[in-house]
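These values consider heavy atoms only, across backbone and side chains, with no hydrogens, waters or symmetry-generated copies. Every chain is numbered from 1 and lettered A, B, ... according to where its sequence line falls, protein lines coming before strand lines.
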Amino acid sequence: MPELPEVEFCRRALSRWTQGRTITQVEIADPRVVRDSRTARPSAGSALAAECLRHVARHPIGLDRVGKRILWRFEAGSLLLHLGMTGRWTRGPSAFPKVRLHLDSGDVLTFHDPRLLGGIVPFEDGRAAHAAFTADLGPDALLASLPRLTGKRAVKLVLMDQTVVAGLGNVQAMEALWRAGIHPLRQADSIDAVEHVRLSDAVKRQLLGTLTMLGEGDEVVYVEERGAPNPFPLYQRAGERCPQCAPAGRTSLIQHFRQGGRGTWWCPGCQGEPPRVAADTG
DNA sequence: ACAGATGTTGATGT
DNA sequence: TACATCAACATCTG
């Protein structure tokens with residue numbers, strides 16, 4: 001599940017692969033991933049957008065990232081990239097492509113997205129591209145300081161709200177709360193100043209830790225890929241001993257519940273008992 | 001066989 | 001305004 005670290009990894013990879021290169025051919029194998037605007041429904045591609053993509057994707061200038069979005073700037077316009085849930089960019093021969101970019105070096109860059117929740121949105125107007133790029137996004141979770149968290153919603157859901165802070169998904173939010181020792185069901189506005197500093201620090205360490213784990217290679221290993229080991233200490237580890245509080249002499253077991261339709265794992269030793277007013281809105 | 005879980009964005013509903 | 005829920009997807013698990 002691409003969250004901020006995977007997206008940043010992808011941005012760096014695309015930048016490295018296309019440094020000083022020209023795209024000589026754009027091959028659109030599945031036009032559903034080429035969309036008219038950021039607000040278009042996923043998998044609602046258009047012929048017009050495909051034509052625009054072919055026009056824009058020639059001479060790359062640079063890649064920016066905010067949260068989980070990438071803005072790829074070209075001489076003739078920009079591409080807004082989103083990985084959705086299963087989107088990924090790779091280099092080299094590949095099966096089941098959605099889009100292939102052929103480089104003047106002979107390399108081929110491929111966009112894969114079996115579930116079609118990601119996509120490519122081409123813009124000829126750089127200004128419009130930048131507006132769509134940053135629209136409805138809070139400050140970047142890695143580069144900016146964590147904004148004050150307000151409202152009655154559960155703190156994990158607020159961390160995952162891209163308009164509050166951009167880049168955190170289910171796993172990164174959950175692991176950061178665990179590092180900070182804050183229960184995921186705590187109401188956002190119950191987080192005091194000391195806890196906020198702790199959480200802000202935990203978010204940064206969590207994101208940098210995952211980014212480091214992804215390494216320097218070209219291949220991103222996603223958690224849900226078959227055969228890939230689960231690199232996270234909490235995620236999908238219900239019943240296992242918590243590695244964080246064991247050194248403190250405790251032997252807590254990792255717990256699991258459903259929150260907002262998604263799985264949440266947590267440690268009672270590190271994060272305490274659920275708050276008393278733990279509504280099911282949690 | 002079939003229901004449900006998976007996770008992100010954005011539209012729609014309260 | 002603030003918050004909740006569902007649709008769009010494909011693949012795997014119980």
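- Sorted by first and then second residue, the ring-ring contact (aromatic ring centres under 6.0 Å, His included) pairs with a member in residues 103-122 of chain A read A:Trp89-A:Phe111; sequence neighbours excluded.
- If you measure from atom CG of A:Asp113 to atom P of C:dC9, you get 11 Å, rounded to the nearest angstrom.
- Between A:Asp113 and A:Lys98 no salt bridge is recorded (no basic side-chain N to carboxylate O distance below 4.0 Å).
- Rounded to an integer number of Å, the gap from A:Asp161 CG to B:dG10 P is 12 Å.
- Distances were taken from every side-chain heavy atom of A:Arg153 (C-beta onward) to each of B:dT6, B:dT9, C:dC3; the shortest belongs to C:dC3.
- Look at CZ on A:Phe133: it is 13 Å from P on B:dT9, rounded to the nearest Å.
- For A:Gln236 and C:dG14, the CD to P distance is 11 Å, given to the nearest whole Å.
- If you take CD of A:Gln162 and C1' of C:dA2, they are 18 Å apart, rounded to a whole angstrom.
- Here the C1' atom of nucleotide B:dT9 and the CZ atom of A:Arg35 are 9 Å apart, to the nearest Å.
- The phosphate of B:dT6 has OP1 or OP2 within less than 4.0 Å of a side-chain N or O from A:Arg258.
- In the set B:dG10, B:dT6, B:dT9, the nucleotide with an atom closest to the side chain of A:Arg69 is B:dG10.
- Ion pairing between A:Glu195 and A:Arg186 holds under the 4.0 Å rule for side-chain N and carboxylate O.
- Between A:Phe232 and A:Gln172 the shortest side-chain heavy-atom distance falls below 4.5 Å.
- At least one side-chain nitrogen or oxygen of A:Lys68 sits closer than 4.0 Å to the OP1 or OP2 atom of B:dT9.
- In this entry the distance linking CD of A:Gln259 with C1' of B:dA5 reads 16 Å, nearest Å.
- In this structure, the NZ atom of A:Lys98 is 17 Å from the P atom of C:dA8, given to the nearest Å.
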